[in-house]
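Predicted model, so just to flag it, every value in this text is computed and none were measured.
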Amino acid sequence: MNKEKRLLLGDEALALGAINAGLSGAYAYPGTPSTEILEFVQEHPLTKERNIHSHWSSNEKTAMEEALGMSFCGKRAMVSMKHVGLNVAADPFVNSAMTGANGGMLVISADDPSMHSSQNEQDSRFYADFAMIPVLEPSSQQEAYDMARYGFELSEKYGVPVMVRLVTRLSHSRAVVEYDTQALPQNELHYPATPRQWVLMPAMSKIRNKRLVKDFIQFQKDSDFSPFNSFNEGINKSLGIIVNGIAWNYLQELYPDGIPFPVVKISQYPIPVQLISRLFDECNSVLVLEEGQPFIERKIRGELDRTGKRIFGKLTGDVVRTGELTPDEVAKTLKQIMGDQCGFESVEKKGESSIVMPRPPALCQGCGHRDVYQALNEALAEYESPKVFGDIGCYTLGFLAPFNAIDTVVDMGASITMAKGAADAGQHPAVAVIGDSTFTHSGMTGLLDAINEDSPITVIISDNLTTGMTGGQDSQGTGKLEEICLGLGAKPEHVRTVDSLPKNVAEMKKMFKEEIDYPGLSVIISRRECIQTARRHAAAKKK
């Protein structure tokens, strides 16, 4: 095949690799740092030409199940999400190891060390290990591209989904990628040779579980010979280093003329036991540098601790445990462990820029959420100890000044269920604030609970007609929120709609008070298009 080069984000490189490997369907719910994967697929010319599925799903669970359905039919599919989205998809994800895959299936989880836009720093490798499926973790944008085709082939070879783990720094940085100018043909429609394993009743699952355990041993052997794992010779045997994914780049950055220590680079899991054992045999001690939680370090302790050789890492406090790994942190660790033998002079840590001023996040001027919070604050000022349960989205910024309007934010959809639980405890007022996209993601089932018990809570769906926080993707509930609430069983007289405009603040305040005082479940849909998408729509009309 002919090759060309292109400057791509890590997300984009993986998406292009999947398209060129014969992708038939891409499924996702937007979430930083994974959003650009499906966006790239949507914009690629082959998507329309080949009828590649590329619509946003309601949440990560539905996306995972939809991709699994395409795989069942023999087509190559991928599902992408951020790390906390994998929590939502955990049920079908873990069970997909039991059903297996027919057409190649990639599960892409983009982790967010340092919590740039996330609730936690969880590491998706633990999920894959728990489910007993292989993991690919690119160290560069080129590897992200190459791993897509390799991952599909690996998935079809063993008949299991394959996880691709990205991290923010790789997802959102650009590099030149060499790619094929022609894409492989899509798989023909074909069905599983053993369809019974897709019915997860105990009798079938017990058979499949034995096969999966047996295959996992082979996954381990494959890792030792993976083109993405390597043993890199070094002359200084006093220290051996194990790196994962992007940490390999940080180490290379410190040693542009060659790393003096033996290094095992890991980008395919399960961990390559033979390569690591060789490192322990040759070196006096071992340092584990990994982006994320101490996954590799935990794996090698126990078995290799018996050698009596010291293992430096996050568990020992020698490597930073929270936040992103950086070249500065790697240099600090090596200097601390090896002193003058580290092979470089002290690296001066770059401070914050003196010309770029920090800008705290805030709701955009002209955002409808602002008017909701102003009216809500005014309404609640007349009650003793009101509690407002928030959710995940742009409107989460209502927690900050000047509004200081919400008391909790936990996960997608938790506003409604926590408000219900608080009301069950006797809390009044108990108000839930949720966005339109979050409502269709995970809020509808919680609302059904509240409707069934007629819980005395007020649910405010702040509808900006888009998935605003991640860039303005389609929202599944646009134009349907009232019908959804009524269909779930909410009383029509207590499903009310208002335009969230500055001129309507007094009307909203009055409406909020009326529904808070109502001793049952009520829903208020405050609607105003996101100011950012409104501007884009206006600009598009002028063209």
Side-chain angles (χ1 to χ4, degrees), residues 363 366-391 393-399 402-408 415-420 422-423 427-440 443-444 446-448 450-451 453-465 468 475 477-531:
L363 291 168
C367 173
H369 299 322
R370 285 178 167 269
D371 304 307
V372 170
Y373 284 130
Q374 180 182 341
L376 183 61
N377 279 344
E378 291 180 10
L380 292 177
E382 302 180 24
Y383 295 87
E384 183 179 353
S385 300
K387 298 301 174 187
V388 179
F389 300 89
D391 227 299
C394 297
Y395 48 90
T396 307
L397 296 172
F399 168 71
F403 300 105
N404 305 307
I406 56 181
D407 296 287
T408 70
S415 58
I416 297 175
T417 39
M418 289 188 68
K420 180 190 178 300
Q427 169 63 35
H428 182 77
V431 178
V433 177
I434 189 169
D436 51 317
S437 184
T438 308
F439 176 69
T440 53
M444 294 188 293
L447 183 62
L448 182 59
I451 289 169
E453 296 187 44
D454 198 20
S455 300
I457 67 172
T458 302
V459 177
I460 300 171
I461 304 176
S462 192
D463 180 12
N464 62 4
L465 306 175
S475 174
T478 300
K480 301 189 287 287
L481 294 179
E482 289 87 349
E483 289 84 350
I484 290 171
C485 295
L486 293 172
L488 290 171
K491 296 175 182 177
E493 63 272 26
H494 292 289
V495 177
R496 304 173 68 177
T497 303
V498 63
D499 293 329
S500 48
L501 296 165
K503 66 180 183 180
N504 294 337
V505 167
E507 178 188 351
M508 284 194 287
K509 175 184 175 182
K510 180 174 179 291
M511 187 181 294
F512 291 162
K513 286 192 63 182
E514 289 172 353
E515 296 306 329
I516 288 170
D517 290 339
Y518 168 65
L521 184 281
S522 59
V523 179
I524 298 172
I525 299 166
S526 58
R527 181 170 289 125
R528 183 181 180 186
E529 184 178 12
C530 169
I531 190 67

For [X] versus [Y], what's the shortest heavy-atom pair and its separation?
X	Y	answer
Gly468	Cys394	C-SG, 3.5 Å
Pro456	Pro519	CB-C, 4.1 Å
Asn377	Ala405	OD1-CB, 3.6 Å
Ala419	Ile457	O-CG2, 3.5 Å
Phe403	Gly398	CB-O, 3.6 Å

Kindly indicate, with the supporting measurements, whether the criterion side chain to side chain contact (heavy atoms under 4.5 Å, CB included) is fulfilled by Val372 and Tyr395.
CA-CA 10 Å; Val372 170; Tyr395 48 90; over 6 Å; no

May I ask you to test the [X]-[Y] pair for a side-chain heavy-atom distance under 4.5 Å?
X	Y	value
Ile416	Phe389	no
Thr440	Lys480	no
Met508	Val505	yes
Ile406	Ser415	no
Thr458	Pro429	no
Arg527	Glu482	yes
Val431	Pro386	no

Heavy-atom donor-acceptor pair, [X] side chain to [Y] backbone, under 3.5 Å:
X	Y	result
Arg370	Leu363	yes
Thr396	Asp391	yes
Glu514	Ile516	no
Tyr373	Leu397	no
Asp454	Leu521	yes

From [X] [atom1] over to [Y] [atom2], what is the distance, rounded to the nearest 0.5 angstrom?
X	Y	atom1	atom2	answer
Asn504	Lys509	CG	NZ	14.5 Å
Ile451	Lys420	CD1	NZ	12.0 Å
Asp463	Thr478	CG	OG1	6.5 Å
Thr497	Ile525	OG1	CD1	4.5 Å
Lys387	Leu380	NZ	CG	11.0 Å
Arg528	Ser462	CZ	OG	10.5 Å

CA sep, side-chain torsions, deciding dist, call: Asp436, Ser475, side chain to side chain donor-acceptor pair (under 3.5 Å)
CA-CA 7 Å; Asp436 51 317; Ser475 174; 3.0 Å; yes

Does atom NZ of Lys510 have more than 12 heavy-atom neighbours, drawn from other residues, nucleotides or ligands, at distances under 6.0 Å?
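At most 12 heavy atoms, drawn from other residues, nucleotides or ligands, come within 6.0 Å of this atom.
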
Taking atom CD of Glu384 as the centre, does the number of heavy atoms from other residues, nucleotides or ligands within less than 6.0 Å exceed 12?
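No, because the 6.0 Å sphere around CD of Glu384 holds 12 heavy atoms or fewer from other groups.
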
May I ask you to decide if the ring planes of Tyr383 and His428 are parallel, tilted or perpendicular, using 30° and 60° as cut-offs?
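Answer is perpendicular, since the angle exceeds 60°.
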
Those residues that, when tested against Phe439, pass ring pair (Phe, Tyr, Trp, His ring centres under 6.0 Å) (two or more places apart)
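By the ring pair (Phe, Tyr, Trp, His ring centres under 6.0 Å) rule, Phe439 matches no residue at all.
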
Could you walk me through whether Tyr518 and Glu493 pass side chain to side chain contact (heavy atoms under 4.5 Å, CB included), step by step?
CA-CA 11 Å; Tyr518 168 65; Glu493 63 272 26; 5.7 Å; no

Stepwise, does the side chain to side chain contact (heavy atoms under 4.5 Å, CB included) test hold for Cys485 with Val459?
CA-CA 11 Å; Cys485 295; Val459 177; over 6 Å; no

